[in-house]
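Here's the structure we're looking at; comments come further down.
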Amino acid sequence: MTSPVLHYIYDPLCGWCWGAAPLVRAARDLLPVRLHAGGMMTGPQRQPVTPELRAYVLAHDQRIAQATGQPFGDAYRDGLLCDPQAVFDSEPPTAAILAAEALAGRGTDLLAELQAAHYVQGRRIAEPAVLIEQAVAIGLPRAEFAAELGRQSLGPVQAHIEQTRAFMAQTGARGFPSFVLETQAGLSRVEASAYLGRPQDFASALQGLLGQAPAQPGDAAALCSIDGCAS
């Protein structure tokens, strides 16, 4: 008998995923949440902070803050987004999240920690030293985490991203964040954009789906695409 699982398709540098973080917390009170990172800013999409990137990101951040109430700190807006030495690269934080999951089942906890470090504290979460520091902050052992981070970075993280993209194609997920509920009946996408800023309503909707209540249609999705945030 298959226990229900909520699959969460995300990227650690996706602003709308930061906006959806309260929904993830609410969902975790109901059922297991399984992470699938899609590599939004990897390979050719990896890029340093530039004035153009800052202007692009800030426009989206304003919409996200208005829609969700999630905070964006001064250290992020006036520090990280003005730092030409910073690089936006999804692969290192994804490897860190995989390492936290492999070590202690704490991947979702580290995702939340890294999102706050990026969007509120303005930390460079593509840097190994920062990733290790944030892992230690949630109670993971430094040496063991550093070793596992190195292992995940050597190939498993790339394989994970490829698997996520295949899963997105299988389920029809169009971007980040996306939620897919797995029950005995199979896989079904859960439209979460209507619940941004309303985590308890999202939890109630999930409870209805788990109880086989009719699903309510959502609004048009607010998503980051594979290669960046949609307008």
Side-chain angles (χ1 to χ4, degrees), residues 6-42 46 48-49 57 61 64-65 68-83 85-154 156-158 160-161 164 176-177 199 224:
L6 186 66
H7 297 274
Y8 177 36
I9 300 167
Y10 78 99
D11 188 90
L13 295 177
C14 163
W16 285 108
C17 293
W18 171 234
L23 306 190
V24 177
R25 289 196 297 271
R28 292 182 74 193
D29 290 336
L30 298 175
L31 75 170
V33 174
R34 188 172 300 164
L35 299 179
H36 303 264
M40 182 180 76
M41 300 189 79
T42 58
R46 175 184 182 274
V49 173
V57 167
D61 291 345
I64 294 163
T68 70
Q70 283 286 84
F72 291 82
D74 292 341
Y76 164 74
R77 285 191 301 266
D78 303 327
L80 182 65
L81 292 182
C82 297
D83 181 359
Q85 302 305 312
V87 175
F88 280 19
D89 184 353
S90 301
E91 190 172 298
T94 298
I97 291 160
L98 293 174
E101 187 65 25
L103 278 178
R106 300 287 305 280
T108 309
D109 295 329
L110 186 58
L111 169 60
E113 186 77 10
L114 292 177
Q115 287 175 316
H118 178 79
Y119 288 107
V120 179
Q121 302 164 20
R123 306 295 305 279
R124 297 182 184 178
I125 65 168
E127 296 185 356
V130 174
L131 295 170
I132 293 168
E133 182 181 336
Q134 300 303 135
V136 171
I138 67 167
L140 296 178
R142 181 181 297 272
E144 289 87 340
F145 177 81
E148 185 62 26
L149 174 60
R151 192 188 76 80
Q152 293 289 341
S153 300
L154 291 175
V157 64
Q158 294 89 356
H160 174 85
I161 290 169
T164 295
F176 318 113
C224 291

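Since the structure is predicted, the reported quantities are computational estimates derived from the model, not experimental observations.
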Atom pair [atom1] ([X]) and [atom2] ([Y]), whose distance is rounded to the nearest 0.5 Å:
X      : Y      : atom1 : atom2 : answer
Gln121 : Asp74  : CD    : CG    : 13.0 Å
Asp11  : Ile9   : CG    : CD1   : 12.0 Å
Leu140 : Leu149 : CG    : CG    : 11.0 Å
Tyr119 : Asp61  : OH    : CG    : 6.5 Å
Tyr8   : Thr108 : OH    : OG1   : 9.5 Å

Going by atom type alone, with no hydrogens or angles, which donor-acceptor pairs under 3.5 Å involve a side-chain atom of residues 20-41 and a protein atom two or more places apart or on another chain?
{"unit_1": "Arg28", "atom_1": "NH1", "unit_2": "Asp109", "atom_2": "OD1", "d": "2.8"}
{"unit_1": "Arg28", "atom_1": "NH2", "unit_2": "Asp109", "atom_2": "OD1", "d": "3.4"}
{"unit_1": "His36", "atom_1": "NE2", "unit_2": "His7", "atom_2": "ND1", "d": "2.8"}

Practice task
Kindly indicate, with the supporting measurements, whether the criterion side chain to side chain contact (heavy atoms under 4.5 Å, CB included) is fulfilled by Leu110 and Phe145.
Solution key: CA-CA 12 Å; Leu110 186 58; Phe145 177 81; 4.1 Å; yes
If you take all heavy atoms of [X] and [Y], which pair is closest and at what distance?
X      : Y      : result
Ala86  : Leu80  : CB-CD1, 3.7 Å
Trp18  : Ala116 : CZ3-N, 3.9 Å
Gly107 : Glu101 : N-OE1, 2.9 Å
Val130 : Ile125 : CG1-CA, 4.2 Å
Ala96  : Leu114 : CB-CD1, 4.5 Å
Gln152 : Ala95  : CB-O, 3.7 Å

Evaluate ring pair (Phe, Tyr, Trp, His ring centres under 6.0 Å) for Phe72 paired with His118, printing each intermediate quantity in order. CA-CA 9 Å; Phe72 291 82; His118 178 79; 9.1 Å; no
| For Gln158, all residues meeting side-chain contact (heavy atoms from CB on, under 4.5 Å), sequence neighbours excluded |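 Testing Gln158 for side-chain contact (heavy atoms from CB on, under 4.5 Å), a comparison that skips the adjacent residues, returns Glu91.
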Quiz prompt | The single option from Cys17, Pro93, Cys14 passing side-chain contact (heavy atoms from CB on, under 4.5 Å) against Gln115 | solution =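 Among Cys17, Pro93, Cys14, the one meeting side-chain contact (heavy atoms from CB on, under 4.5 Å) with Gln115 is Cys17.
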- Would you call Leu13 and Ser90 a side-chain contact if the rule is heavy atoms closer than 4.5 Å?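 Side-chain contact under 4.5 Å: yes.
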*Between Trp16 and Pro177, is any pair of side-chain heavy atoms under 4.5 Å apart?*
yes
**Contacts of Glu144 that satisfy salt bridge (charged side-chain N to carboxylate O under 4.0 Å, His left out) - sequence neighbours left out** =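 Glu144 satisfies salt bridge (charged side-chain N to carboxylate O under 4.0 Å, His left out) with no other residue.
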Arg124/Asp83 ion pair, N-O < 4.0 Å = yes
query: Do the charged groups of Arg123 and Glu133 touch, with an N to O distance under 4.0 Å?
result: yes
Evaluate the side chain to side chain contact (heavy atoms under 4.5 Å, CB included) criterion for residues Leu131 and Glu127: first the C-alpha distance (whole Å), next the side-chain angles of each, then the deciding distance (0.1 Å), finally the verdict. CA-CA 6 Å; Leu131 295 170; Glu127 296 185 356; over 6 Å; no
